[in-house]
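As structure tokens, the structure follows; a few thoughts come after it.
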Amino acid sequence: VNDHETVEALRRTMAAHDAEAPGVDDVLAGLDLRGAPTPRAHRWPALAAAAAVAAVLAIGVVAVPRLTSDEPAPDRPPVASQAPSPSSAPSASPGPARQVTVPDVVGLGREHAVEALDKVGLNMLVPAGDRVTATDPAAGTEVAAASVVRLAMSGAPAASGTPCRAPDLVVTTGPRIEPATGENPLSFRITNKGRPCTLTGSPGIVLRAADGRPLELSYIAGGYQAVSGAPATPVRLASAGSALLALDRYRCDAGYSRWSRTLEITWPGSGTTTTLDAVRYPQCTQDGPSLDPGNLVYVSPVRATYRDLLVH
Amino acid sequence: MGVQMGTDPVDAFESLAREHAAELGRLAYQLTGDREAARDLAQDALLDAFRHRDRLARAEHPRAYLRRVLVNRHLNNHRRRRFREVPLEHEHAGPAGDGPETSYGDRDLVWSALGGLSQRQRTALVLRYYVGLDDAESARLMGCRIPTVRSLVSRGLAALRTDRRLLDERGARP
């Protein structure tokens with residue numbers, strides 16, 4: 001019996017039992033609304049899931065006009081206009097830092113490791129690869145919640161050729177990626193002004209607020225939703241040739257807490273860094289002990305073409 | 001698109017509740033597999049929604065909002081009391097099957113097997129195959145990650161598969 005058959009049997013079963021469900025009158029009988037308490041000022045985590053929170057990501061990279069993704073919801077002003085200017089953006093209040101213990105994720109696959117760290121409220125840097133070989137800090141260490149744990153992974157993509165270096169690379173806004181379910185994709189075009197060189201895998205990324213502090217985000221090498229997670233291959237950039245890169249993440253269901261001002265890209269192979277100004281990308285409001293899914297930013301490998309960048 | 005809260009919020013809510021009660025009842029039944037429990041769950045969800053009707057008033061899709069409240073309530077119920085054995089011998093006799101391949105017997109086996117899944121596995125299967133949500137929506141609704149939803153669905157299906165096989169073998173007497 002394969003999955004397809006099981007699914008078909010399941011669908012038939014569910015449909016067949018629909019008729020036994022309690023009907024309107026059953027459900028409404030005895031429902032005493034007049035005796036129910038009035039609304040409280042209670043925070044319900046991200047109840048507006050269905051009301052897809054609109055994200056207007058306004059970025060202006062190297063004098064490229066603003067790029068917007070996603071439509072504003074009809075009953076809200078576009079985020080770009082309601083968001084405070086970066087300098088007055090509320091920073092995530094440090095508050096009394098909750099201490100958490102770094103869990104042991106060595107040996108786990110990527111998704112499970114991400115989940116385990118996220119569950120206790122830690123941010124993370126996850127390079128490409130299959131399994132976790134080490135963490136920094138190590139398992140058992142007590143750290144403040146939302147601290148960053150760096151993972152080392154086995155099975156990283158093998159680099160080849162001369163790595164491209166920051167001074168030779170010019171980064172501009174890339175082609176628009178249509179979000180499938182309201183996530184926040186962002187793409188960049190990387191143009192090589194130097195001699196031919198190669199980029200292999202996902203770069204390191206840091207988004208910083210106007211005050212220079214990094215946003216509290218996790219960065220995970222790989223694809224997400226519309227962005228392909230296919231293994232990285234070396235991408236050769238000829239002189240004046242270009243390649244693409246994308247960030248993607250789940251939307252911020254519960255709203256935004258901070259916005260980035262700069263984006264640092266640390267290139268694989270050379271470890272050199274390009275800093276872009278005026279890249280506005282949000283940190284989501286947290287609504288519980290675990291981190292908002294929107295705060296996991298997936299960083300694609302450098303891809304040769306738009307087609308390679310996307311899931312088909 | 002929001003809910004109109006007129007002069008009497010109770011009347012306004014009642015008409016909304018009437019509009020969505022049947023759907024909530026069906027979803028609750030798929031989640032619990034028990035008529036009584038389903039009625040309680042749907043009622044509790046409506047009460048929760050009523051208590052927070054200011055949020056409901058702002059919700060873009062009241063239907064999706066109510067669904068979320070119900071799932072939330074269901075999973076919280078589970079956290080509070082680890083409850084309810086679902087009888088393997090399913091008592092509800094439905095109409096006869098509409099063909100040899102989709103015999104009622106098979107549906108009954110699957111329905112019983114659903115009762116043996118964990119609450120979260122069943123919820124993930126119901127959201128995917130009954131409501132028709134994608135992994136991201138299910139994850140959001142269940143308050144977990146997309147990989148978790150995928151793993152709940154695949155483990156749930158695997159359990160159903162195994163269960164059906166066992167039941168088939170048990171039923172297949174010479």
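Letters go in sequence order (proteins before strands), and every chain restarts at 1. In what follows, every heavy atom counts, from backbone to side chain, and hydrogens, waters and symmetry copies are set aside. These numbers come from a predicted model, not from an experiment.
No side-chain donor-acceptor contact under 3.5 Å links A:E20 to the backbone of B:R35. With hydrogens and angles ignored, the 3.5 Å screen pairs a side-chain donor or acceptor of B:Q43 with a backbone N or O of A:A29.
Between chain A and the options B:L24, B:D135, B:L125, the largest number of non-hydrogen pairs under 4.5 Å is found for B:L125.
Within the 4.5 angstrom heavy-atom criterion, atoms from both the backbone and the side chain of B:T148 approach chain A.
Shown here are the side-chain contact (heavy atoms from CB on, under 4.5 Å) partners of B:A139, two or more places apart in sequence or in another chain: B:I146, B:V149.
From B:Y129, atom OH reaches atom OG1 of A:T13 across 13.0 Å, with rounding to the nearest 0.5 Å. Atom NZ of A:K119 and atom CZ of B:R145 lie 11.0 Å apart (nearest 0.5 Å). In this structure, the separation between NE2 on A:H4 and CG on B:L157 is 12.0 Å, given to the nearest 0.5 Å. Residue A:H17 holds its NE2 atom at 15.5 Å from CZ of B:R26, rounded to the nearest 0.5 Å.
Side-chain contact between B:L46 and A:L28 is present, with at least one heavy-atom pair separated by less than 4.5 Å. The side-chain heavy atoms of A:H112 and B:P147, taken from C-beta on, include no pair separated by under 4.5 Å. A:L10 places a side-chain heavy atom less than 4.5 Å from the side chain of B:L114. At a threshold of 4.5 Å between non-hydrogen side-chain atoms, the residues B:R161 and A:E5 do not count as touching.
A donor-acceptor contact under 3.5 angstrom links the side chains of A:D18 and B:Y130, judged on distance only.
Nearest heavy-atom pair, B:Q30 versus A:M14, reported as atom, atom and distance to 0.1 Å: NE2-O, 2.8 Å. Residue B:G25 comes nearest to A:V27 through the heavy atom pair CA-CG2, 4.1 Å, listed as atom of the first residue, atom of the second, then distance.
Taking 4.0 Å as the cut-off between side-chain N and carboxylate O, A:D25 and B:R39 do not count as a salt-bridged pair.
Residue A:R11 places its CZ atom among more than 12 non-hydrogen atoms of other residues, nucleotides or ligands, all under 6.0 Å distant.
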